[in-house]
Amino acid sequence: MAFANKRPGGRILPVRRLTPQVDPQKQFEKLEAAIGEIYRHNASQLSYEELYRIGYGLVLSKNGSLAYDGVKGVLESHLADCVHQTILARMEAVRSNPTLANNEALLASVRMLWSEHVTAMLVIKDVLMYVDKVYVKNAHLPSVYEMGMGVFRDQVLLASRKRLSTDVAKAVLAQVAAERRGEHVDRTVLRGVVNMLVELQDTDHLRTVYEEGLEPQLLMESRAYFSSMAKARLADHGAAAYTQAAQNDLDAEMDRVRAYLAPSTGTALQSVLLDELIDKHADSILRIPEAGLVQLLDRRDAAALKVLYGLYLPLPAALSTLQSSIHGHVLELGERLAASLAPLAATANADGKGEKPAGQPQALTLAAKTAMALRWVQDLLELYDVYDEFLHTSFNENPSMRQTIHDAFIKVINANSRAAELLSLFIDDNLKSGLRRKSEQEIDHVLERTVLMFRFLQNKDAFEHYYKLHLAKRLLLGRTLSDDAEQSLVSKLKVECGSQFTLKLEGMFKDMQLSADLARGFKDVDPLLGFDMSASVLTPTYWPPLAPQVSEEVQKEMHSIEPPAPLRGVVESFTKYYLQQRSGRRLTWQYSMGSADIKLQFGNRTYELNVSTYQMFILMLFADSGGSDDSDSSEVSLTTTEIQQHTGIPNEVLVRQLQSLACAKYRILTKAPMSRDVRPTDRFTFNTGFKSAQYRIRIPAVAAKSSVETEKEKSASMATIGMERQYLAEAAIVRIMKARKQMLHEQLVTEVINQLSARFLPTPKMIKDAVGRLIDRDYLQRSPDDPRLYNYLA
C-alpha cells in the first residue's frame, strides 16, 4: 500500500508562529512610564507580567540595548532632577554655614534619596530580569542593579560641578567629631549614609567610595585628634587616669564602628588610636612622676594595671617597654630586700677574732641574724605573691609577662650569695614551728612557694648541702612538726630535679624508719633496761657531717668518746643486738646530735630537763649533788679540765656545752668566777638553788639550733660544695666522652654546662681544670694533631 501525497524527504516541519509586529520605541515608552511610577511608590498598580514581557520582547527583537541604555538614561534624568530639587539647597547651606543641624539635614536628604533609589532598583532589576540573563550577559555589561548604583554615584555624588561626595564626607566627619565632643548625633542617618558609600564602587570598580574617600580622611582626622589628646593628658593625668581615658576612647571608637562605620575601619581606627595615645608615649606614660607604673605596682592597683596591660599588649615595642619597666622595678625591690641584709654582712666578721673598731654598730646576736635571714625569704615570697596575683588578675597569664617576672626574681635570688642557705633555713624554721596552726591548704601553699624559689636558684647543689644538714637535725632531734609535710616537700623537689637529687634525702627517711624498728626490737630483747633508749642508725653516705665545725683532730677525739659507766653497758648491748641483726656492719657512735630527757632534783623540787647527750654526760658527774643538804656529795665541784678528763669531750666542744648549762637562761650549774668565757681553771658546781616555774625545761644545745652560718662556717661549706662540684664535673666529662669518644674542647664545655646546669652553673675554668685532672689520671688524652681535641681512653 502506498501514499500518493508523501512529502519529499519524509520530514515534517513545525508550524511557523506568526507574531504581530510591535514598535520597540512604544514598548520602551511603557517601560519608561512604569519606572516613573515605581519612583513615585506606585509599583503595586503596575503589572509585573506585562513589564517583564516588554523586556523579554525587546531582547528577542534584538533591541536589548534600547532597554538597557534607555533605562540608564531614565535613571540619570530622574536622579539629576532629584538632586536639583532636594539636595542642592541643603548642600549650599552646609557650605555657607556648616552647623551640626545643616550637616545632619544634608546627610538625611542624601540617605532618603539613596533609600528610594535602592528600593526602586530592586523592582526594576526584577522587571528586567530577562535583560540581565541574556542581553547583559552576552554584552559583558554590569547588571541592571549595578548599572543603577553606578548612575547614582555619577549623578548624585560625583557630578562634575557639584562634587556632593566631598560635602557628604565632610558632613560625616563633622558628625563624628561632634560625637567625640559629647554632642548627640543621629546615628541612624550616619549608618545609612556610610552603608551607601560602602555599597557604591569607585569608577574603576577596585574600591568602594567609602574606602576611596571617607575612610582615609576619617583616619587622618582621628590621628590628629588623638595626638592632641595625648599631649594634653600627659600634662595633667597619671598613668592610671591616662590609660583609663585611652581605654574609654577605644571603647567609644569601637562602639562607633559597630553603630555606623564600616567594620573594616575598626582595625585601622584602633591602630591609629593605640599608635597616637600609647605607642608614641609608652615610656613617658610609665614614668609619669609620682603617678607612673612604679606607683601602680607599689599600691597594688591590679585594675589599673589590667587596663594598662590591655592597651600595651597589641604593641610589641610598648609591651617590651612595659616588661623592661616591671623587670627593673622587681630588681629594685630585690635590692632593697638585699639592703635589709646589710647588717648581717657587716657583722659577719665580728664572729672572728679582733677588736671592733670605734663607732661600729654593736654586732647582732645569732638569733637576730637568723630572724633577719628568715625575714628576707618571707619578704621575697610575699613579693612574689603580689606579682603572681598581677599575672592572674592583670596580665591574663601572659607567658611573656610570666617569663619577665620569673627572670627578675631569678636575678634577685641569685644576686644573694647566701640564697640557698637562707631558703633552706626558712624551710627548716617552717617545718619546725612555722606551720603550726596552719591548714593543709596553707601548708601546701608555703611549700609550693618555697619550691618555686628553689626552682629559681642556679646553685641547687648548695641548697641540697644546707637542706640535708637542716633535715638531719630535724629528724635526729625530733623537731619536725609534720612528717607528711616533710615527705611532701621531698616529693616536690624530686619532681623538680629528679630522683638522683633526692636519693640521699629519701635514704635519711628510710634510716629513721629502720632505726625506729630497731628501737622496738631492742626494747623487746632487753625490757629491764630501766629507761627508754633509742639509737638512730645512719648510713654514712646519706647523712651530712653532723658534728660542729671543728678541726680533724677534734673530730677524731669526738669519735673516741666513751660514755659514762651507767650508759656504757647499754651502748655495748645495743651494738651487740645490732650486729646480730645486721652482720658484717660496723657501728661508730656519734654523740654530737643526741638528746636525753633526765629528771634532776634541786633541793626539794624535781624538774625534767631535755638536754644534749654531751650535757647529760656532764650532768652525770654531778649525779648525787641534788640530794638533801646534809649529803657529803653536795660539795662536788669540778674544773673545766677535770670535766674534760672525765668525759673525754674535746675542749672546743666542751666549752659550748658548759656555756649552755652555766651561762645561759637556765643555769643548772654555777660557775666561778662568773663570766661568759670558760677557762680551764673555772670551777663548776651543781646549782641546788635552781628554780623555775616550768616543770619541763629544754636546755638549748649548740648543735640543735639552726642559724645563719658565720663567715668561717660559710667558707667551710663552700669548700665542701666546691669539692662535690669537682666530682660532678669530672663524672659528667667522663660520661660525655665515653659516649662521644672524641670531642673538641668548646663542644665539651657546652655539653658539660648543659648537663650540670640543673644543679649549678660550672665555669669554663672549672671544666678546664677537671679535664686536666682527668688527663693526668689517664681518662682522656689530647690529640697529637690538635690540642683542642680530646680522645677518650677506655
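Here the structure is a predicted model, which means the values were calculated and not measured. Side-chain atoms are counted along with the backbone in the values below, which use heavy atoms only and exclude waters and symmetry mates.
A donor atom on one side chain and an acceptor atom on the other are found under 3.5 Å apart for Glu382 and Gln378. No side-chain N or O of Thr404 forms a donor-acceptor pair with one of His327 less than 3.5 Å apart. A donor-acceptor contact under 3.5 angstrom links the side chains of Thr539 and Asp511, judged on distance only. Between the side chains of Gln487 and Asp483, no donor-acceptor pair of N or O atoms lies under 3.5 Å. Checked by atom type, the side-chain pair Ser482/Asp484 shows no donor-acceptor distance below 3.5 Å. Side-chain contact, Lys714 with Ser417: a donor N or O sits under 3.5 Å from an acceptor N or O.
Contact of the Met372 side chain with the Leu341 side chain is registered, since non-hydrogen atoms from C-beta on lie closer than 4.5 Å. Looking at heavy atoms from C-beta onward, Glu448 lies out of side-chain contact with His445 at the 4.5 angstrom threshold. The shortest distance between side-chain heavy atoms of Val377 and Met453 does not fall below 4.5 Å. In this structure, the side chains of Asp298 and His329 come closer than 4.5 Å at one or more pairs of heavy atoms. Taking 4.5 Å as the limit, every side-chain heavy atom of Ile699 sits out of range of all side-chain heavy atoms of Asn610. Counting heavy atoms from C-beta on, the side chains of Ser536 and Met512 come closer than 4.5 Å. In this structure, Met616 and Leu567 have side chains that are in contact, with non-hydrogen atoms separated by less than 4.5 Å. For the pair Arg656 and Gln659, the minimum side-chain heavy-atom distance is below 4.5 Å.
Between Phe409 and Tyr384, the ring planes lie perpendicular to each other; the angle is over 60°, past the 30° to 60° tilted range. Ring geometry, Phe574 versus Tyr577: the interplanar angle falls from 30° to 60°, so the pair is classed tilted. The aromatic rings of Phe617 and Tyr591 sit perpendicular, their planes meeting at an angle over 60°, well past the 30° parallel limit.
In this structure, Tyr578 has its ring center no closer than 6.0 Å to that of Phe522. Between Tyr312 and Tyr309, the ring centre distance reaches or exceeds 6.0 Å. Ring centers of Phe454 and Phe501: under 6.0 Å apart, within the cut-off.
In plain terms, the two heavy atoms of Ala729 and Leu756 that are nearest each other are CA-CD1, 3.8 Å. Scanning all heavy atoms of the two residues, the minimum distance from Ala419 to Ile413 falls at CB-O, 3.2 Å. Summarising the geometry of Met766 relative to Pro762, their closest heavy-atom pair is SD-CB, 4.0 Å, with the distance given to 0.1 Å. Across Ser595 and Thr613, no two heavy atoms sit closer than the pair N-OG1, 3.3 Å. Between Glu506 and Val490, the closest heavy-atom pair is CG-CG1, 4.0 Å. Nearest heavy-atom pair across Ile733 and Ile767 is CD1-O, 4.0 Å.
Heavy-atom contacts from other residues, nucleotides or ligands closer than 6.0 Å to CD of Gln581 number more than 12. More than 12 heavy-atom neighbours from other residues, nucleotides or ligands sit within 6.0 angstrom of CZ on Arg696. When the shell of 6.0 Å around CD of Gln500 is examined, it contains 12 or fewer heavy atoms from other residues, nucleotides or ligands. Taking a 6.0 Å sphere around OH of Tyr695, one finds it holds more than 12 heavy atoms contributed by other residues, nucleotides or ligands.
Remark: the backbone N or O of Ala304 is paired with a side-chain donor or acceptor of Asp301 at under 3.5 angstrom. Listed for the Tyr607 side chain is a donor-acceptor partner under 3.5 Å among the backbone atoms of Ser692. Remark: side-chain polar atoms of Thr502 are not paired, donor with acceptor, to backbone N or O of Leu505 under 3.5 angstrom.
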**OP:** For Ile721 and Arg725, run side chain to side chain contact (heavy atoms under 4.5 Å, CB included): C-alpha distance rounded to whole Å, both residues' side-chain angles, the deciding distance at 0.1 Å, then the answer.
**Re:** CA-CA 6 Å; Ile721 294 170; Arg725 288 178 176 179; 3.5 Å; yes
Original post:
Given the rule in the salt bridge (Lys or Arg N to Asp or Glu O under 4.0 Å) test, do Arg402 and Asp407 qualify, once you have shown the distances and angles that lead to the verdict?
Top reply: CA-CA 9 Å; Arg402 179 178 293 278; Asp407 288 345; over 6 Å; no
Original post:
side chain to side chain contact (heavy atoms under 4.5 Å, CB included) between Val294 and Leu297: does it pass, once the steps are laid out?
Top reply: CA-CA 5 Å; Val294 171; Leu297 294 172; 5.7 Å; no
**OP:** Take Leu380 and Leu337 through the test side chain to side chain contact (heavy atoms under 4.5 Å, CB included) and record every step on the way to the result.
**Re:** CA-CA 8 Å; Leu380 193 63; Leu337 294 180; 3.9 Å; yes
Original post:
Do Leu471 and Tyr466 pass the side chain to side chain contact (heavy atoms under 4.5 Å, CB included) test, and can you show the C-alpha distance, the side-chain angles, and the key distance before you say yes or no?
Top reply: CA-CA 8 Å; Leu471 175 62; Tyr466 290 108; over 6 Å; no
Subject >> Evaluation steps, salt bridge (Lys or Arg N to Asp or Glu O under 4.0 Å), between Lys460 and Glu464 >> reply: CA-CA 6 Å; Lys460 293 180 173 59; Glu464 181 188 13; over 6 Å; no
Subject >> Steps toward salt bridge (Lys or Arg N to Asp or Glu O under 4.0 Å) verdict (Arg300, Glu389) >> reply: CA-CA 9 Å; Arg300 303 180 185 180; Glu389 184 65 22; over 6 Å; no
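Atom-to-atom distance recorded for Leu452:CG and Leu447:CG is 12.5 Å, nearest 0.5 angstrom. If you take CZ on Arg287 and OG1 on Thr321, they are separated by 9.0 Å, rounding to the nearest 0.5 Å. Taking CG of Leu293 as the start and CG of Leu322 as the end, the distance is 6.0 Å to the nearest 0.5 Å. Note that CZ of Phe395 and CG of Asp388 are 11.5 Å apart. Values are rounded to the nearest 0.5 Å. Atom OG1 of Thr370 and atom CG of Asp429 lie 9.0 Å apart (nearest 0.5 Å).
Classification of Glu486 and Arg474 as a salt-bridged pair holds, one side-chain N sitting under 4.0 Å from a carboxylate O. Using a cutoff of 4.0 Å between basic side-chain nitrogens and carboxylate oxygens, Asp428 and Lys432 are scored as salt-bridged. Looking at Asp444 and Lys492, a side-chain N of the basic residue comes within less than 4.0 Å of a carboxylate O on the acidic one, giving a salt bridge. In this structure, Asp524 does not pair ionically with Arg520, as no charged nitrogen and carboxylate oxygen lie closer than 4.0 Å.
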